[in-house]
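To start, the structure itself, in structure tokens.
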Amino acid sequence: MARLWDASRLSTGQGYKLSALSHELLGWGKTDMKEVFSERKLKKDGTPGKLLILRDAVSIQNDEDPKMFRKWIHYSTYDSLCTWYLYYKLRKELESMSWSPDLVIFSADSILKGKLGKIDAKKPSKSKMLCMFQFYEKFWKPFGEILTDIERTGIFIDREYLREQAKVAEKDKEAKVAGFRKWAEKLCPDGIYMNTRSGPQKRHLLFSSKRVVITSEQPVTNSKTKHSYSVGEEVELAYTDAQALIDKGLAQPVQQGEEDHYKTFVIDNTEGFLEEGRSEPRATREIRLKGLGLSPVSYTPVGQASTAGSVIATLAGKPFADPPRYGTAFKDLGEGKLGKEVCEALGYLLESENVEKLLSTFLLPLPEMADKDGRIHTALNINTETGRLSSKRPNLQNQPALEKDVYKVSSSSSSSSSRPRPRPRPRPRPRPRPRP
């Protein structure tokens with residue numbers, strides 16, 4: 001009802017919470033649960049701290065303290081009373097708002113009588129002005145009941161199909177990561193041990209992290225990141241950005257020579273690498289990665305070169321297309337053999353990240369969210385300003401695009417557990433031969 005009354009409350013920041021609506025329309029109303037039932041988190045010494053925590057509703061209802069139980073009864077009763085008065089207030093608001101149905105589709109008389117029949121557009125009947133509360137009663141409320149029925153019934157998904165596709169996706173991801181690491185090993189021997197999920201490792205490999213010390217007496221502002229640095233400050237920047245400050249005489253490198261393209265990282269020793277002089281392998285080990293020194297495409301809010309998927313796509317281009325279209329890394333590396341190899345390696349990395357996203361978003365979590373009958377009970381809401389539906393917990397509308405749905409995630413959903421087989425086409429009947 002509140003959305004029919006004012007559909008723009010989300011954009012204005014007011015929202016549709018019961019507390020906000022009741023205080024605005026009634027002048028009084030409920031208080032948020034956080035303000036009533038929040039408790040201060042205890043410190044290690046047992047004294048209450050500044051952080052407020054809110055327990056779940058079940059633990060509050062089952063609290064052994066009689067005072068807490070009475071507080072909960074008062075809160076829930078007041079909540080019901082507030083909702084009741086708010087309903088009648090919103091009903092009056094909707095009754096004061098006019099609504100004129102489309103006469104080409106429905107007539108006002110048919111709506112009032114509950115018979116929704118088409119009428120002839122050439123013979124329009126006399127329109128009767130209706131109110132938005134009638135629209136709510138005839139359309140909005142029944143539609144809401146349909147949505148709750150859908151939520152209660154659930155959407156069937158083929159769990160075994162998704163699990164089989166997840167196994168295929170895992171193998172594809174491993175193959176693409178192996179293709180990237182094979183190239184990284186050619187760049188530097190430790191590249192094969194690189195963690196492709198690590199932002200700092202990818203950042204250095206692509207842009208060669210370089211530490212510099214600001215020597216300018218005046219504050220130095222990076223024109224690309226808009227970050228300011230003061231004299232004596234030591235910062236780590238992408239190689240091209242750091243070199244630009246050095247060339248202008250505004251900074252000095254912390255390290256000299258070719259070593260500034262190398263950086264040491266600590267990783268988990270999953271391969272059981274045994275250091276010289278030790279009888280057992282350590283839990284972690286060090287690797288040294290060499291950077292390429294590419295020009296950053298975009299930056300994070302803290303001023304570091306971004307390694308987001310869109311950045312990798314820009315650097316790589318489309319190296320596996322026919323003909324291939326190489327990205328900005330090809331130009332940065334002189335448009336030669338090395339540039340082609342880098343673009344292809346980044347293409348493998350980008351594809352592995354896309355497969356990982358499909359795994360973590362659809363293939364792995366969806367089967368675990370289904371009930372014993374294989375149905376997912378998502379929450380459907382009419383909470384968009386355009387009137388379209390939204391879905392959450394999980395968002396089943398967030399399906400991969402058709403061109404990116406490599407593992408056919410959309411094929412796992414159906415209306416019932418018995419997936420219908422395609423009907424065979426009926427054979428054409430032979431036409432009777434004309435008599436001579």
Side-chain angles (χ1 to χ4, degrees), residues 1-39 52-99 101 111-112 114 130-155 371 376-397:
M1 294 176 74
R3 293 185 184 279
L4 291 178
W5 168 62
D6 185 359
S8 63
R9 292 180 64 88
L10 286 177
S11 60
T12 58
Q14 296 169 307
Y16 295 95
K17 286 188 175 181
L18 183 60
S19 56
L21 289 169
S22 58
H23 282 286
E24 181 177 345
L25 293 173
L26 303 176
W28 58 275
K30 64 167 287 185
T31 307
D32 197 273
M33 282 189 65
K34 293 181 180 179
E35 299 182 27
V36 180
F37 298 103
S38 291
E39 299 175 351
L52 294 175
I53 57 173
L54 177 64
R55 294 184 297 164
D56 61 279
V58 176
S59 65
I60 296 175
Q61 293 178 48
N62 297 329
D63 197 295
E64 296 179 358
D65 187 0
K67 294 182 179 179
M68 179 62 71
F69 184 67
R70 287 194 294 269
K71 184 188 289 187
W72 175 259
I73 292 177
H74 174 77
Y75 180 86
S76 57
T77 305
Y78 193 74
D79 185 76
S80 303
L81 185 66
C82 178
T83 305
W84 180 260
Y85 278 100
L86 187 61
Y87 164 79
Y88 279 100
K89 180 62 178 178
L90 284 172
R91 175 172 178 171
K92 289 183 179 179
E93 294 290 339
L94 294 180
E95 287 175 344
S96 65
M97 298 169 62
S98 61
W99 166 58
I111 294 175
L112 293 174
L130 305 177
C131 67
M132 287 300 295
F133 182 72
Q134 289 170 312
F135 175 84
Y136 167 77
E137 287 287 330
K138 297 294 181 180
F139 294 100
W140 211 248
K141 187 177 177 181
F143 184 58
E145 294 174 354
I146 292 174
L147 294 182
T148 56
D149 290 342
I150 295 175
E151 292 177 1
R152 193 178 299 108
T153 303
I155 309 297
D371 61 13
I376 293 181
H377 302 274
T378 183
L380 299 173
N381 302 291
I382 317 173
N383 59 357
T384 61
E385 293 188 12
T386 57
R388 293 180 293 180
L389 290 177
S390 69
S391 170
K392 62 180 182 179
R393 299 192 305 270
N395 184 3
L396 292 182
Q397 291 179 324

**Study point:** Contacts of S96 that satisfy side chain to side chain donor-acceptor pair (under 3.5 Å) - sequence neighbours left out
**Key:** none

Exercise for review: Considering non-hydrogen atoms only, spot the tightest contact between W5 and L21 and give its length.
Suggested key: CZ3-CD2, 4.2 Å

Study note, to complete from the structure: When every non-hydrogen atom of A379 is compared with those of R393, the smallest separation belongs to CB-NH2, 3.9 Å

Revision key, fill the gap. Side chain to side chain contact (heavy atoms under 4.5 Å, CB included) filter on R70, not counting sequence neighbours, yields P66, K67

Side-chain donor-acceptor pairs under 3.5 Å in residues 24-38, sequence neighbours left out?
unit_1	atom_1	unit_2	atom_2	d
E24	OE1	R9	NH1	2.8
E24	OE1	R9	NH2	3.1
E24	OE2	R9	NH1	3.4
K30	NZ	Y75	OH	2.9
K30	NZ	D79	OD1	3.3
D32	OD1	K34	N	3.0
S38	OG	K34	O	2.3

Point to revise | Gap between atom NZ of K89 and atom SG of C82 - 0.5 Å precision | key: 13.0 Å

Point to revise | Listed partners of Y88 passing ring pair (Phe, Tyr, Trp, His ring centres under 6.0 Å), at least two apart | key: W84

Practice item. For atom CZ of F69, decide whether the heavy atoms of other residues, nucleotides or ligands shown that lie under 6.0 angstrom number more than 12. Key: no

Review point. So which heavy atom on Y136 is nearest to which on P142, and how close?
Key: O-CD, 4.0 Å

Check your understanding: Roughly how far apart are L4 CG and M97 CE, rounded to 0.5 Å?
Key -> 7.5 Å

Practice item. Could you pull out all residues at least two apart from R152 that satisfy salt bridge (Lys or Arg N to Asp or Glu O under 4.0 Å)? Key: D149

**Study point:** Residue list, ring pair (Phe, Tyr, Trp, His ring centres under 6.0 Å) with F135, at least two apart or on another chain
**Key:** W99, F139, W140

Exercise for review: Taking S76 for its side chain and I73 for its backbone only, find out whether a donor-acceptor pair lies under 3.5 Å.
Suggested key: yes

**Study point:** Contacts of D63 that satisfy salt bridge (Lys or Arg N to Asp or Glu O under 4.0 Å) - sequence neighbours left out
**Key:** R55

Exercise for review: Taking side chain to side chain donor-acceptor pair (under 3.5 Å) as the test, write out the residues that go with E151, two or more places apart.
Suggested key: none

Check your understanding: Any Lys/Arg nitrogen of E145 or K141 sitting under 4.0 Å from an Asp/Glu carboxylate oxygen of the other?
Key -> no

Review point. Excluding sequence neighbours, so at least two apart, what forms side chain to side chain donor-acceptor pair (under 3.5 Å) with S391?
Key: T378

Check your understanding: Roughly how far, to the nearest 0.5 Å, is CH2 of W72 from CG of D65?
Key -> 15.0 Å

Exercise for review: Given side-chain contact (heavy atoms from CB on, under 4.5 Å), test F133 with E137 step by step and report yes or no.
Suggested key: CA-CA 6 Å; F133 182 72; E137 287 287 330; 3.3 Å; yes

Review point. Does atom OH of Y85 have more than 12 heavy-atom neighbours from other groups under 6.0 Å away?
Key: no

Check your understanding: Can you list the residues that meet the side chain to side chain contact (heavy atoms under 4.5 Å, CB included) rule with F143, with sequence neighbours excluded?
Key -> L147, I382, L389

Practice item. Take L81 and T77 through the side-chain contact (heavy atoms from CB on, under 4.5 Å) test and state the conclusion after the steps. Key: CA-CA 6 Å; L81 185 66; T77 305; 5.7 Å; no

Review point. Residues in salt bridge (Lys or Arg N to Asp or Glu O under 4.0 Å) with R3, at least two apart?
Key: none

**Study point:** By side chain to side chain contact (heavy atoms under 4.5 Å, CB included) - contacts of H377 (at least two apart)
**Key:** D371, R375

Practice item. To the nearest 0.5 angstrom, please state how far the CE atom of M132 sits from the CD atom of E93. Key: 12.5 Å

